[in-house]
Amino acid sequence: MELRKRLLAWYGRKKRDLPWRRTSDPYAIWVSEIMLQQTRVAAVVPYYERFLARFPDVCALATAPLDDVLAQWSGLGYYRRARHLHAAAAIVARDGFPGTAKELRALPGIGAYTAAAIASIAFGEAAAVVDGNVERVVCRLAAGDLTKREIGERAQAWISPRSPANFNQALMELGAIVCTPRSPSCPRCPLREFCATRSDRWPTPRKRAAPIDKRVEVVFATRGGRVQLLRRSGTALLDGMWELPSGKQTDGDVLATVKHGVLNQRLSYRVWPGRRTAAGARWFTVREVGELPLTTAARKCLKAVGFLP
DNA sequence: AATCCGGGGTA
DNA sequence: TACCCAGGATT
């Protein structure tokens with residue numbers, strides 16, 4: 001198929017130099033794919049490199065405490081990914097690395113996309129991936145809101161049996177740097193002659209709820225160079241992460257505003273200088289805080305008051 | 001099929 | 001501000 005050739009040729013010329021494209025280690029590719037779930041490439045790169053330096057292979061990850069894994073993940077979001085990755089590492093360390101998409105799919109945290117991505121990139125299996133980029137590119141080629149099933153069928157029909165890894169990555173790369181959500185660069189698209197849209201008309205944007213404003217008061221208490229932190233427990237959101245204890249607002253300055261994308265909330269944090277130890281709180285030095293799974297809000301607050309660099 | 005799960009980039 | 005990002009699990 002001509003479309004395939006054009007796409008692969010373009011990818012060969014224009015692909016970005018990304019760290020996970022420099023390895024053939026299935027474990028490293030797996031880690032990258034988990035981190036890339038709903039997370040931009042630019043945000044993942046530093047996390048990926050730190051994570052692999054800390055947990056260089058499946059065994060290192062499987063035997064590490066979950067808190068260490070969460071600490072490495074702190075700030076990346078979707079912490080269930082880290083929990084699933086850690087749990088799956090134990091399974092892989094025991095049973096070996098699954099060699100097919102079907103087997104990969106059985107691991108926690110690996111769905112249809114990630115199974116196909118790892119199988120194709122690490123093992124050369126001709127399994128088409130469908131992510132946000134592929135959805136957009138295929139919908140535009142067809143000029144319509146195709147179902148996920150239809151998109152998958154088309155991608156599977158186009159995929160190169162010789163180099164499925166390059167084909168999958170090429171389709172995603174095209175969506176990421178040419179066929180972008182808004183203002184796509186149609187004139188320099190290798191697939192323009194196959195495209196029925198040549199604009200950003202498809203797919204139809206999905207509407208969302210209006211953001212909710214919320215105010216949060218936190219206690220910033222220091223004692224002998226230590227700061228008081230509380231571990232969230234029994235919460236669906238950010239369970240196990242460390243944050244500043246909550247306090248009654250009297251007066252003070254706004255430390256940070258954090259937008260929670262999924263919760264669709266804008267949270268304004270205010271400081272309440274405190275001295276006493278809150279129930280269940282613990283005191284940490286700067287060095288210790290660096291090794292904790294902190295919420296992003298807590299990280300921003302601690303930076304704003306100069307406790308963290 | 002809907003909803004939940006983080007955080008950040010971008011126009 | 002609104003939308004989206006190399007999605008998965010749960011209901």
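What you are looking at is a predicted structure, and each value in this text was computed from that prediction instead of being measured. Residue numbering restarts at 1 for every chain, and letters A, B, ... go by the order of the sequence lines.
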> With sugar-phosphate meaning primed atoms plus P, OP1 and OP2, does Arg136(A) contact a base, only sugar-phosphate, or nothing at under 4.0 Å between heavy atoms?
Replying inline: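 If one applies the 4.0 Å heavy-atom cut-off, Arg136(A) turns out to touch the sugar-phosphate alone, with no base involved.
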
>> Considering every strand and a 4.0 Å limit on heavy-atom distances, what is the contact class for Lys148(A): base, sugar-phosphate, or nothing?
In response: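 Touches nothing.
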
Distance between the [atom1] atoms of [N] and [M], in whole angstroms?
N       : M      : atom1 : result
dT3(B)  : dC3(C) : P     : 16 Å
dA11(B) : dA6(C) : P     : 14 Å
dT11(C) : dG6(B) : P     : 16 Å

Rounded to whole angstrom units, what separation is found between the [atom1] atom of [X] and the [atom2] atom of [N]?
X         : N       : atom1 : atom2 : result
Leu237(A) : dT10(C) : CG    : C1'   : 16 Å
Asn133(A) : dC4(C)  : CG    : P     : 12 Å
Lys303(A) : dG8(B)  : NZ    : P     : 9 Å
Asp239(A) : dC5(B)  : CG    : P     : 12 Å
Glu135(A) : dG8(C)  : CD    : C1'   : 14 Å

> How many angstroms lie between CD in Glu173(A) and CG in Asn168(A), if you round to the nearest 0.5 Å?
Replying inline: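 So the CD of Glu173(A) and the CG of Asn168(A) are separated by 12.5 Å.
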
> Members other than Ile29(A) in its cluster, when Ile, Leu, Val, Met, Phe, Trp, Tyr link by side-chain heavy atoms under 4.5 Å?
Replying inline: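 Direct or chained contacts put Ile29(A) with Ile121(A).
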
Sub-4.5 Å side-chain heavy-atom contact between [X] and [Y]:
X         : Y         : value
Arg81(A)  : Thr39(A)  : yes
Arg154(A) : Leu146(A) : yes
Asp239(A) : Arg83(A)  : yes
Val69(A)  : Gln72(A)  : no

> Hey, can you pull the residues of residues 34-50 of chain A with a non-hydrogen atom under 4.0 angstrom from DNA chain B?
Replying inline: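 Contacting residues: Gln38(A), Thr39(A), Arg40(A).
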
>> Treating Arg22(A) as the side-chain partner and Pro19(A) as the backbone partner, does any N or O pair qualify as donor plus acceptor under 3.5 Å?
In response: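 Such a contact is absent between Arg22(A) side chain and Pro19(A) backbone.
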
> What is the minimum heavy-atom distance between Ala170(A) and Leu7(A), and which atoms define it?
Replying inline: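 So the two residues come closest at CB-CG, 3.7 Å.
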
>> Using the side-chain heavy atoms of Met172(A), tell me which of these nucleotides is nearest: dC5(B), dA9(C), dA6(C).
In response: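 That would be dA6(C).
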
> Within the structure, does a side-chain N or O atom of Lys300(A) lie under 4.0 Å from either OP1 or OP2 of dG8(B)?
Replying inline: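 Yes, Lys300(A) has a side-chain N/O under 4.0 Å of OP1/OP2 on dG8(B).
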
> Which residue lies toward the 5' end of DNA chain B, Leu238(A) or Arg206(A), if each is placed at its nearest nucleotide?
Replying inline: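 The residue closer to the strand's 5' end, by nearest nucleotide, is Arg206(A).
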
Donor-acceptor pairs are to be reported for all side-chain atoms of residues 93-104 of chain A against protein atoms at under 3.5 Å, with residues two or more places apart or in another chain.
{"from": "Thr100(A)", "atom 1": "OG1", "to": "Glu103(A)", "atom 2": "N", "distance (Å)": "3.2"}
{"from": "Thr100(A)", "atom 1": "OG1", "to": "Glu103(A)", "atom 2": "OE1", "distance (Å)": "3.1"}
{"from": "Glu103(A)", "atom 1": "OE1", "to": "Gly99(A)", "atom 2": "N", "distance (Å)": "3.2"}
{"from": "Glu103(A)", "atom 1": "OE1", "to": "Thr100(A)", "atom 2": "N", "distance (Å)": "3.4"}

> Taking Val227(A) as the fixed residue, which of Val219(A), Val286(A), Leu244(A) is the one that meets the side-chain contact (heavy atoms from CB on, under 4.5 Å) rule?
Replying inline: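 Of the listed options, the one satisfying the test is Leu244(A).
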
> Which of residues 110-122 of chain A sit near DNA chain C, with a heavy atom under 4.0 Å from it?
Replying inline: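 Going residue by residue through residues 110-122 of chain A, the ones with a heavy atom under 4.0 Å of DNA chain C turn out to be Ile110(A), Gly111(A), Ala112(A), Tyr113(A), Thr114(A).
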
> Tell me, which of residues 65-98 of chain A have any heavy atom that sits under 4.0 Å from an atom in DNA chain C?
Replying inline: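 Residues of residues 65-98 of chain A under 4.0 Å from DNA chain C: Tyr78(A), Arg80(A), His84(A).
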
>> Determine whether a donor-acceptor pair (one donor, one acceptor, N or O, separation below 3.5 Å) exists between the side chain of Arg21(A) and the base of dA6(C).
In response: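 Side chain to base: pair present.
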
>> Can you tell me which residue among Trp30(A), Trp20(A), Phe55(A) is in a ring pair (Phe, Tyr, Trp, His ring centres under 6.0 Å) with Tyr48(A)?
In response: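 Of all the options given, the one that passes is Trp20(A).
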
> Of all residues at least two apart in sequence or in a different chain, which pass the salt bridge (Lys or Arg N to Asp or Glu O under 4.0 Å) check with Arg50(A)?
Replying inline: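 Testing Arg50(A) for salt bridge (Lys or Arg N to Asp or Glu O under 4.0 Å), a comparison that skips the adjacent residues, returns none.
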
